[in-house]
Amino acid sequence: MTLVEAPVRRSWMIAYALAMIGVAAGWFGPIQILLPEQAARLAGDDGKEALLALVTAWGAAASMVANPLWGALSDRLGRRRPIFVAGTLAGVAGLLVLSVAGTTTLMVIGWVLVQVGLNGPLAALAAMIGDQVPERQRGTVGALFGVAQIIGVILGTAVAVVAGSATPGYVAVAIAVPALGAALLIINREQPVAAVRRGRIHWPGGQFAWAWVIRFLLNLVNALVLVYLLYYLSDEVGVDDAATWVLIVTVVNVLFAGVFGFAGGMLSDRWEKRRVFVAAGAVILAVGTVLMALVPVVPVVLVASVLVGIGWGAYIAVDMAVLTQVLPDPDTRATMLGVANVAGTLPQMLAPVLAAPIVTALGGYRTLYLVTAGFAVLALALLPRLRAIH
């Protein structure tokens with residue numbers, strides 16, 4: 001496939017970022033506030049962790065399968081728009097099911113629909129970077145992809161807090177997702193890419209595999225920080241209004257991640273360096289999570305959230321640029337980026353499964369966040385294997 005050379009316009013970047021914000025709000029509004037509160041209401045204090053782990057594990061398992069399938073379908077069609085639209089509609093349907101869910105079964109069904117559906121626009125948005133963005137802009141646009149996800153976290157969390165309860169919260173997020181994606185559908189002049197014939201997919205290995213593992217580890221760090229944040233603040237730190245403190249901590253985290261992510265993306269394009277940002281991100285994430293483990297008091301937790309934000313921002317500044325550089329076959333980029341996105345969704349499934357026994361039986365939140373820091377250190381140790389990236 002011919003390398004894209006024409007630079008993308010600023011208006012396209014804005015519309016692209018808004019669409020990604022919508023997708024992230026659809027995911028993280030429920031994860032941060034709505035699902036934990038719904039689980040606590042249905043299962044009580046004694047069973048809330050187990051129920052949340054069950055629901056998020058089913059959703060993440062579905063997501064892990066859905067993203068590569070959406071990507072493969074997009075490559076077969078040679079189009080991104082139909083995948084974006086169909087996935088968004090399915091995700092909205094799942095949010096509406098969650099808004100009326102009064103049983104564990106309906107919670108699982110609703111969250112599975114959300115995860116399966118929103119992986120459609122996620123796969124389409126990831127592929128658009130390879131389709132339309134030249135190499136010299138991929139740090140900047142890839143950073144937008146990551147920063148927009150972080151902004152979506154705070155938007156989804158804020159909507160959930162303002163709504164005050166599950167039903168209006170889910171409905172508000174269900175409206176926000178397609179509304180934020182509409183601008184990209186209007187402004188994006190999609191040129192069909194070559195449809196992939198059956199048997200053309202080159203399955204990944206080598207440098208792509210190392211990039212996948214590092215992405216998995218750092219996403220697992222982020223997932224472990226977020227998954228029980230509400231319970232950590234209420235049960236370990238001892239704050240009175242945990243939902244409000246989740247919003248405060250998230251805002252602090254997002255502000256620093258957004259600034260460092262976007263600035264890092266532009267600097268990585270200017271310097272033509274990616275590896276140093278991954279290394280810095282892993283180190284700073286490890287320091288932030290160690291602080292959460294050892295000093296669970298509000299001022300230190302705020303400092304830790306700053307560090308986690310900076311570390312996550314440093315990594316997402318180059319995440320998509322790294323992945324698009326090590327794709328094994330540019331003609332199957334949506335499929336391969338779907339495989340790469342498993343490294344982002346699988347941690348959602350594993351995080352509650354890992355966290356629940358640690359919190360309840362293996363040392364509590366101190367152990368949880370020390371283990372989390374260990375995953376960041378492991379990612380740093382594996383970085384020299386990624387020799388294709390400078």
Side-chain angles (χ1 to χ4, degrees), residues 8 13 16-17 20 24 125-126 129-130 133-153 206-226 252-290 304-327 337 340-341 343-344 347 372-390:
V8 292
M13 290 188 189
Y16 182 89
M20 191 62 245
L125 288 166
I129 294 179
V133 181
E135 178 66 32
R136 65 183 182 273
Q137 286 185 298
R138 287 187 185 172
T140 301
V141 177
L144 270 179
F145 182 86
V147 171
Q149 292 183 54
I150 304 172
I151 295 172
V153 173
Q207 294 297 285
F208 184 93
W210 288 117
W212 192 99
V213 172
I214 291 168
R215 188 182 212 220
F216 166 80
L217 288 170
L218 293 179
N219 273 276
L220 182 58
V221 170
N222 193 50
L224 286 169
V225 169
L226 293 177
V252 171
N253 180 291
V254 164
L255 286 175
F256 282 88
V259 170
F260 279 81
F262 189 65
M266 292 190 293
L267 286 174
S268 74
D269 281 342
R270 181 176 301 174
W271 296 342
E272 297 183 351
K273 301 288 186 183
R274 315 295 189 196
R275 184 194 296 263
V276 64
F277 292 92
V278 180
V283 170
I284 298 169
L285 282 168
V287 174
T289 49
V290 166
S305 70
V306 169
L307 292 173
V308 170
I310 292 172
W312 187 242
Y315 173 65
I316 63 170
V318 297
D319 176 37
M320 291 302 296
V322 168
L323 287 170
T324 54
Q325 189 171 334
V326 297
L327 288 175
L337 288 172
N341 282 332
T372 302
F375 289 126
V377 172
L378 180 57
L380 179 66
L382 294 177
L383 186 57
R385 300 280 188 174
L386 198 58
R387 293 183 296 273
I389 304 301
H390 298 294

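These numbers come from a predicted model, not from an experiment.
Of all heavy-atom pairs spanning P347 and A223, the tightest one is O-CB, 3.9 Å. Residues R275 and L383 share a closest heavy-atom pair of NH1-O, 3.0 Å. A pairwise comparison of heavy atoms in A379 and L218 identifies CB-CD2, 3.7 Å as the closest pair. A317 and S268 get closest at one heavy-atom pair: O-OG, 4.3 Å. Between T372 and V221, the shortest heavy-atom distance links the atoms O-CG2, 3.5 Å. Considering every non-hydrogen atom in both A286 and A373, the closest pair reads O-CB, 3.6 Å.
To the nearest 0.5 Å, the span separating CD1 on I151 from CG on L255 amounts to 9.5 Å. The CH2 atom of W210 lies 10.0 Å from the CG atom of L386; values are rounded to the nearest 0.5 Å. The distance from atom OG1 of T289 to atom CD1 of I284, rounded to the nearest 0.5 Å, is 11.5 Å. Here the CG atom belonging to L285 is positioned 11.0 Å from the CG atom belonging to L380, to the nearest 0.5 angstrom. A distance of 7.5 Å separates CE of M20 from OH of Y16, quoted to the nearest 0.5 Å. Atom CG of D319 is separated from atom CG of N219 by 7.0 Å, given to the nearest 0.5 angstrom.
In this structure, Y315 and W312 have tilted ring planes: the angle between them lies in the 30° to 60° band.
Side-chain N or O atoms of Q207 include one that pairs as donor or acceptor with a backbone N or O of R385 at under 3.5 Å. Side-chain atoms of R274 do not come within 3.5 Å of backbone N or O of A321 as any donor-acceptor pair.
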Exercise. Under the side chain to side chain contact (heavy atoms under 4.5 Å, CB included) criterion, do L267 and F277 qualify, and how do the steps go?
Worked result: CA-CA 10 Å; L267 286 174; F277 292 92; 4.0 Å; yes

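If you look at W212 and F216, their ring centroids are closer than 6.0 Å.
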